[in-house]
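See below for the structure under consideration.
All values below come from the heavy atoms of this structure, side chains included, with hydrogens, waters and symmetry mates left out. In what follows, chains are A, B, ... by sequence order, proteins preceding strands, each numbered from 1.
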Amino acid sequence: MITSFLFKALDRRAIWVVSALIALAILVPASNLMLPFDSAFHVSNFTISLIGKYLTYALLALALDLVWGYCGILSLGHGAFFALGGYAMGMYLMRQIGSRGVYGDPILPDFMVFLNWKELPWFWLGFDQFWFAALMIVLVPGALAFVFGWFAFRSRVTGVYLSIITQAMTYALLLAFFRNEMGFGGNNGLTDFKDILGYDIQSDTTRAVLFAASALALAASFLICSGIVRSKFGKVLVAVRDAESRSRFIGYRVENVKLFVFVVSAMMAGIAGALYVPQVGIINPGEFAPANSIEVVIWTAVGGRGTLIGPIIGAVLVNAGKSVFTAAFPEFWLFALGALFVATTLFLPKGVVGSFSSAMTWLRLRTGKSDAPVAEPTVRAAE
Amino acid sequence: MQHLIRFLIALLIVPLLLTSVSAQTDPRSLINAMAVGNLKARAAQIEALAATGDAKAVPALQALSDGALYFRKSDKQVFIAQKSGKNFDLIDPLTAENIGSFPKGSVSKVKVNNSLRRLIRSVIGTLTLLSPDPQIRIAAAQTIFKTGDPESLEALDRALVQEKASNVRSAMELARASVILKSDSTDADKIAAITLIQKGDGREGLPLLNEFAAQSDGAVAAAANKAIGEIEKTIALLDIGQTVWYGISLGSVLLLAAIGLAVTFGVMGVINMAHGEMVMLGAYTTYVVQEIIRTGYPGLFDYSLALALPLAFLVSGSCGFVMERTIIRFLYGRPLETLLATWGVSLILQQTIRTIFGSTNKEVGNPTWMSGAYELGGLTLTANRLWIVVFALFVFAALFVVLKKTGFGLQMRAVTQNRKMASSMGIRTPWVDALTFALGSGIAGIAGVALSQIANVSPNLGQNYIIDSFMVVVFGGVGNLWGTLIGALTLGVANKFLEPFAGAVLAKILILVFIILFIQKRPRGLFALKGRAVEA
């Protein structure tokens, strides 16, 4: 069954994407570590952490695309799952600091010593083990998504209402994590990490490995998403997106379909967050900001929702644009981003990839070379 | 010879002058008189000063009691002295004017003892109780109320005889009751005093009664305890009232922010994420109007808000109109895309304002009629909050009238209920959409004028309100103004009631969680529209 799942997932395009990502995972770290500094192909430390960050963003956008592009659930709270995964990783990294913190407490992280806490809160227990943290990275966002989705989909909260309450969810978490009493470092979040799995988090090798891990996680997630959307279940997803009531009348349990895909997506977002934190070296409540979650939506929209490659391209494009813009004309970045939102929704409803493939289809039909148009899932108003 | 005559005349006149000076009721000379004479004479001097009934003598008396009254040896002028380094700063006791610094040796202290201090205390009480300014009289009565000094009983009785203003009288009677509790009056008198205190300002009287109840026994203690219980009950009620008021105040802010959204979201199903920026534009319009007034026409400052209101409506309304015509109308039927596009607009508007005005908070002043506070049966209502509540209700009523009583409102409601049918009946639905959107944005603009009075005017102003406004609209039910009103007030009051138990942040989180759960139960809000329009 798994082989057939994989076989279905690996159509020609998916093979391309996955091999490109694997190549990226090998070549970029190799060039960073092995090539001399003056080589034309040397990737600098700065670039590698920048692209590594983009890859985790791409994974987050892919996760959002799975629910939005294929199932029509516009979540404005995916940043929350991302941040939760990041916090789980951050907690592990905090425990790894051990007695090297400013206050030198072997167990308590600095901020707890600062707040005069005597012992570790129960929810920090176990985070000194990597396997436990890794489990939590997927379980915590997954559990939140399960509980949230269980209620929301069962009561048939749809469309903008769902978007608004997902936004309320991430906003509530933002406020909660800002509180010192929560035990997650309040305002400052978690930072000043030293080791990951015993390796120095600042070293070039660790950085390169983290980069490779991000690329491979993205490739694996791409495979999973590809398997999901090409399976029979994927067709049901699209059916729910395009005609929810009709799918329900035919006999599908729409809420279960949605719940499953929502939970899977939240777990992917959690993994993305967990890979993001060691590469940027900090996680703070700002990651929960509703604006961040909306920005993820625009990455997906720019790239093209309802395609799996789209969100990856979108995330990288928009963030590369952001890096260039904020460096060159910091004043204009918000203008550009705002214009991007407006222009994408008005002129590129299918995103870069969707528009490109419809243009190709149109061309092929015009020249009469194609036997059948590519069965691209049509993007409709996700209501 | 002539010299001798002159000298004799002078000898005759000088005592005359002296007596006329001491008979004078000029406080300055009475104060200066204290430079001479022994402690016994001082009592008479103090009495003489008190007899003037001039409250201006109080600082000097106070200084005498505190041992800070000195006289200048050179001319026997009496001053209040403040030590500064090795010297004394001399301050005129009547005008509070600093005369200058003098070396220690050039001044000498006016002597005082404890019996004189007691006299001074009661004299001060009397003087201020007889002051021509009713505010000072009330303050004096309140001081006596707190200290309950038995010495002041006589002064109070004297003041009460001639007091006419009823609010001063009641303050004095309260003070008298407090004095009676401390004195050795009869039990009956004390019980009467307890009742008086209980009826008066309970919150202030509570420590007094507590102290009294601890010291006394028998019927008096029982009466005091009963009064304490009653006062605590009243205070609890007042606290609830105050919380409700804070809640209503917060609710009216939410209502202002959300009411425009209720129009655009309710009537057109458009998620306007730039709504908060319309509020911000209104606030900045107020700022610009005030700046112009400040530089050009300072006299008009009190009218700045009245001038800003129509302008803010125009600015935000036209901004909304342009937005609808250029962006939103292409996205009808695609609410999620509208959400994204309007979010983009909100980013652009924020950055525009930031580029023009900078990202720091702007100072928007309160007109005089909006500062200060009112007392209402033990509740404190600050003027700006009160005006905002009134204003929010006024906006609500005005919008309600527009929707129910005008042709435009009728068309708007028709489009809300059944767009296709309205269109078939000849209503130009695109035009109605554009005007509705302009109306909703305009209302957000005037909300901005009001919010500029209580919130920081910065480019992020809108962001702070957008999620709250959505919560209100979704909670109240889309397409229903009453829902918005009740939703806003409920959330405001609930928030304020949670705050004492949970803290401000946790209260907000709880409210958000509550709304998320509430939506599960009633996905269309408190007052849901029923019928086919809902599914469209």
Side-chain angles (χ1 to χ4, degrees), chain A residues 68 72-74 76 148 150-179 181-182 245 289-291 294-295 297-298 300-301 331-347 349 380-383, chain B residues 265 269-271 273-274 323 326-328 330-352 354-355 459 463 466-468 470-471 473-475 478 503-525 535:
Chain A
W68 184 34
I73 307 167
L74 176 53
L76 295 184
F148 191 88
W150 174 275
F151 285 115
F153 300 140
R154 210 148 283 260
S155 5
R156 300 188 188 172
V157 180
T158 52
V160 291
Y161 288 89
L162 189 83
S163 304
I164 289 174
I165 62 169
T166 50
Q167 192 176 37
M169 173 191 78
T170 190
Y171 186 54
L173 284 169
L174 167 79
L175 294 175
F177 273 74
F178 263 122
R179 303 179 70 229
E181 298 85 346
M182 276 286 284
S245 305
I294 298 184
E295 227 178 292
V297 175
I298 202 62
T300 311
E331 286 275 294
F332 292 101
W333 166 242
L334 277 183
F335 285 127
L337 187 64
L340 194 63
F341 271 99
V342 177
T344 311
T345 45
L346 282 183
F347 307 116
R380 261 190 37 171
E383 270 193 85
Chain B
F265 191 19
V270 163
I271 305 285
M273 291 299 253
M323 229 171 107
T326 54
I327 298 170
I328 291 168
F330 302 108
L331 296 171
Y332 282 128
R334 297 193 291 169
L336 297 182
E337 264 107 336
T338 324
L339 191 155
L340 295 180
T342 49
W343 177 261
V345 173
S346 88
L347 292 182
I348 295 174
L349 285 175
Q350 270 177 52
Q351 190 58 39
T352 312
R354 199 170 287 136
T355 312
Q463 293 288 301
I466 185 72
I467 292 184
D468 287 339
F470 270 120
M471 291 304 128
V473 174
V474 167
F475 176 67
V478 173
V505 178
L506 203 57
K508 198 155 189 192
I509 297 172
L510 287 175
I511 293 283
L512 285 173
V513 171
F514 164 73
I515 293 172
I516 292 177
L517 291 176
F518 181 83
I519 295 297
Q520 318 294 338
K521 201 75 200 149
R522 298 193 63 141
R524 302 275 161 189
E535 292 302 323

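Heavy-atom neighbours of A:R156 CZ from other residues, nucleotides or ligands within 6.0 Å: at or below the threshold of 12. Enclosure of atom CZ in A:F332 is not indicated, since only 12 or fewer non-hydrogen atoms of other residues, nucleotides or ligands lie within 6.0 angstrom. Counting non-hydrogen atoms of neighbouring residues, nucleotides and ligands closer than 6.0 angstrom, the CZ atom of A:F151 reaches no more than 12 such neighbours.
One distance of note links CZ of A:F341 with OG1 of B:T342; it measures 9.5 Å at 0.5 Å rounding. The CZ atom of A:F335 sits 4.0 Å away from the OG1 atom of B:T355 when rounded to the nearest 0.5 Å. Here the CD1-CZ distance, from A:I165 to B:F518, works out to 12.5 Å after rounding to the nearest 0.5 Å. Between A:L346 atom CG and B:E337 atom CD the span is 9.5 Å, to the nearest 0.5 Å. The CG atom of B:L506 sits 8.5 Å away from the CD atom of A:E181 when rounded to the nearest 0.5 Å.
Evaluation of the side chain to side chain donor-acceptor pair (under 3.5 Å) rule for B:R354 yields B:Q351, B:N460 as partners, not counting sequence neighbours.
The candidate with the highest count of non-hydrogen atom pairs below 4.5 Å against chain A, out of B:I519, B:L347, B:L510, B:I515, is B:L347. Counting heavy-atom pairs under 4.5 Å between each of B:T352, B:V345, B:I466 and chain A puts B:T352 at the top. Counting heavy-atom pairs under 4.5 Å between each of B:L517, B:V513, B:I516 and chain A puts B:I516 at the top. The greatest number of non-hydrogen atom pairs below 4.5 Å with chain A, out of B:I509, B:L349, B:V474, is found for B:I509.
Proximity to chain A (any heavy atom under 4.5 Å) is shown, for B:T338, by neither the backbone nor the side chain. The part of B:L331 that comes within reach of chain A is its side chain, from C-beta onward, which places non-hydrogen atoms under 4.5 angstrom from that chain. For A:L76, the part lying near chain B is the side chain, with the backbone staying farther off; criterion is any non-hydrogen pair under 4.5 Å. For B:I348, the parts lying under 4.5 angstrom from a heavy atom of chain A are both the backbone and the side chain. For B:L339, the part lying near chain A is the side chain, with the backbone staying farther off; criterion is any non-hydrogen pair under 4.5 Å. Looking at B:I327, both its backbone and its side chain come within 4.5 Å of chain A, counting heavy atoms on both sides. Heavy atoms of A:A291 lying under 4.5 Å from chain B belong to its backbone as well as its side chain.
Between B:F265 and A:Y161, the angle of the ring planes lies from 30° to 60°, which puts this pair in the tilted group.
Between B:Q520 and A:A152 the shortest heavy-atom distance is OE1-CA, 2.8 Å. The heavy-atom pair separating A:A301 from B:L340 by the smallest distance is CB-CD1, 4.5 Å.
Residues B:I271 and A:I164 have side chains in contact (heavy-atom distance under 4.5 Å, counting atoms from C-beta outward). The side-chain heavy atoms of B:M273 and A:I294, taken from C-beta on, include a pair separated by under 4.5 Å. Put simply, the side chain of B:L336 reaches to within 4.5 Å of the side chain of A:W68, judged on heavy atoms.
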Walk me through whether B:L512 and A:L175 qualify under side-chain contact (heavy atoms from CB on, under 4.5 Å). CA-CA 10 Å; B:L512 285 173; A:L175 294 175; 4.3 Å; yes

